[in-house]
Protein chains: 2
Amino acid sequence: MNISDAATQTGLPAKTIRYYEDIGLVTPTRNTNGYRVFGETELHKLTFLARARALGFSIEDCRTLLALYEDQSRASSDVKRIARTHLDEIEAKIADLIAMRDTLSHLVQACAGDDRPDCPILKGIEATSVRKD
Amino acid sequence: MNISDAATQTGLPAKTIRYYEDIGLVTPTRNTNGYRVFGETELHKLTFLARARALGFSIEDCRTLLALYEDQSRASSDVKRIARTHLDEIEAKIADLIAMRDTLSHLVQACAGDDRPDCPILKGIEATSVRKD
DNA sequence: TCTTGACCTTCCAGTCACTGGAACCCCTAT
DNA sequence: ATAGGGGTTCCAGTGACTGGAAGGTCAAGA
């Protein structure tokens with residue numbers, strides 16, 4: 001299987017797959033013409049990576065998770081710790097974004113949005129700070 | 001006022017302020033020894049920038065907002081359009097993160113997190129995709 | 001057989017918004 | 001004189017790709 005088929009199968013851009021090889025996440029073989037060949041194992045790894053990335057895990061987390069995924073004698077607590085930490089980060093980001101949204105949506109609502117210069121948004125940016133509860 | 005005072009006043013790191021000068025967002029004067037001097041106007045601009053950045057606006061949005069902020073004949077609709085677009089992006093990001101969080105928190109809950117290798121998280125990453133409603 | 005077009009390869013540069021660090025200058029107090 | 005705590009510039013690195021150039025490979029059609 002060539003790279004573009006692997007890309008189609010996994011939903012990852014070919015460029016990204018090459019990059020993943022570069023940084024040692026996958027190791028496709030090569031055939032005589034130098035093209036990458038993706039077997040079932042590599043395809044599995046790529047799928048795993050695509051899903052883990054979609055869950056927002058960093059590349060380094062993915063590297064660790066992939067190693068655990070392949071290690072039949074892993075402890076599930078190792079995986080859980082990584083996932084929990086990441087979950088906490090996601091929660092924190094959500095909280096940040098909600099604070100931004102709340103502040104900003106108030107400002108947007110207050111703004112007439114016409115051709116006059118009076119603008120509560122600019123005033124608001126000048127004066128308001130983002131509240132984090 | 002020297003850069004470290006400006007940093008304290010605005011809450012921005014000195015490095016960041018230098019960077020903002022580099023990319024033309026602020027233009028402090030210099031005194032004879034080459035040190036940057038921040039007057040009231042520049043300090044205002046920095047404060048505005050810090051707040052706009054805290055609201056998640058990109059640097060380029062900040063540049064535009066700053067120009068509008070300084071332009072007494074602006075139309076508030078120009079500001080509102082930028083803010084609305086940004087607000088939509090924030091909403092989208094929140095939705096993405098919530099989808100991640102929901103998927104991941106289910107997986108974390110399902111995982112015993114002990115020293116056995118059986119791990120619903122890894123299985124879940126293998127099998128699940130993140131649902132976006 | 002030649003050509004066309006769709007593949008594939010490598011490598012380099014750019015993205016965004018900083019951040020760290022080196023090497024050096026300036027000012028004040030001891 | 002020296003020590004320290006400012007300040008300056010410039011260069012490189014971050015994360016996770018992404019775009020693009022320059023060129024090799026392959027299968028199908030004229």
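The sequence lines fix the lettering, A, B, ..., with proteins before strands; numbering per chain opens at 1. Keep in mind the model is a prediction, meaning the values are calculated, not measured.
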Enquirer: Here's a test for you: under side chain to side chain contact (heavy atoms under 4.5 Å, CB included), which of A:Y20, A:Y19, A:F48 qualifies with A:L25?
Expert: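 Looking at A:Y20, A:Y19, A:F48, the match for A:L25 under the side chain to side chain contact (heavy atoms under 4.5 Å, CB included) is A:Y20.
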Enquirer: Any Lys/Arg nitrogen of B:R30 or B:E21 sitting under 4.0 Å from an Asp/Glu carboxylate oxygen of the other?
Expert: yes
Enquirer: Would you say that A:Q9 contacts A:T47 through its side chain, given a criterion of any heavy-atom pair below 4.5 Å between the two side chains?
Expert: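 Counting from C-beta outward, A:Q9 and A:T47 never come under 4.5 Å.
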Enquirer: Please work out which residues in residues 12-28 of chain A have a non-hydrogen atom less than 4.0 Å from an atom of DNA chain C and list them by number.
Expert: A:K15, A:R18
Enquirer: When the C1' atoms of the five terminal pairs at each end define the local axes, what inter-axis angle does the helix from C:dT1-D:dA30 to C:dT30-D:dA1 show, to 10 degrees?
Expert: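 End-to-end axis angle: 30°.
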Enquirer: Just to be sure I understand the geometry, which residues of residues 29-49 of chain A put a non-hydrogen atom under 4.0 Å away from DNA chain D?
Expert: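 Those residues whose heavy atoms fall under 4.0 Å from DNA chain D, taken from residues 29-49 of chain A in numerical order, are A:N33, A:Y35.
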Enquirer: For a 4.0 angstrom threshold against heavy atoms of chain B, report the outermost contacting nucleotides of DNA chain C in 5' to 3' order.
Expert: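 Reading along DNA chain C, I get C:dA17 to C:dC27.
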Enquirer: Could you pull out the closest heavy-atom pair between B:A112 and B:R116, with the gap in Å?
Expert: CB-NH2, 3.9 Å
Enquirer: Give a yes or no on whether a salt bridge exists between A:E42 and A:R36, defined as a side-chain N under 4.0 angstrom from a carboxylate O.
Expert: no
Enquirer: Tell me which one of A:R74, A:R81, A:K80 satisfies salt bridge (charged side-chain N to carboxylate O under 4.0 Å, His left out) with A:D78.
Expert: A:R81
Enquirer: Is it true that B:V37 and B:L12 fall in one hydrophobic cluster, defined by side-chain heavy atoms closer than 4.5 Å?
Expert: no
Enquirer: Report the C-alpha separation of B:E91 and A:R101 in whole Å, then their side-chain angles, then the decisive distance to 0.1 Å, and conclude whether the salt bridge (Lys or Arg N to Asp or Glu O under 4.0 Å) test is met.
Expert: CA-CA 7 Å; B:E91 299 278 15; A:R101 183 195 58 187; 3.4 Å; yes
Enquirer: Please evaluate residues A:D22 and A:R18 with respect to the criterion salt bridge (Lys or Arg N to Asp or Glu O under 4.0 Å), reporting the C-alpha separation (whole Å), side-chain torsions for both, the decisive distance (0.1 Å), and the verdict.
Expert: CA-CA 6 Å; A:D22 247 34; A:R18 285 192 200 99; over 6 Å; no
Enquirer: For A:R53, which residues count as a side-chain hydrogen bond (donor to acceptor under 3.5 Å, both in side chains) partner, sequence neighbours excluded?
Expert: none
Enquirer: Which whole-number value in Å describes the distance from A:I3 CD1 to D:dG24 C1'?
Expert: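 Rounded to whole Å, this separation is 16 Å.
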Enquirer: Same cluster or not: B:V79 versus B:I59, using hydrophobic residues (I, L, V, M, F, W, Y) connected whenever any side-chain heavy atoms lie under 4.5 Å apart?
Expert: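 Result: yes, single cluster for both.
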Enquirer: Excluding sequence neighbours, so at least two apart, what forms side-chain hydrogen bond (donor to acceptor under 3.5 Å, both in side chains) with A:N2?
Expert: none
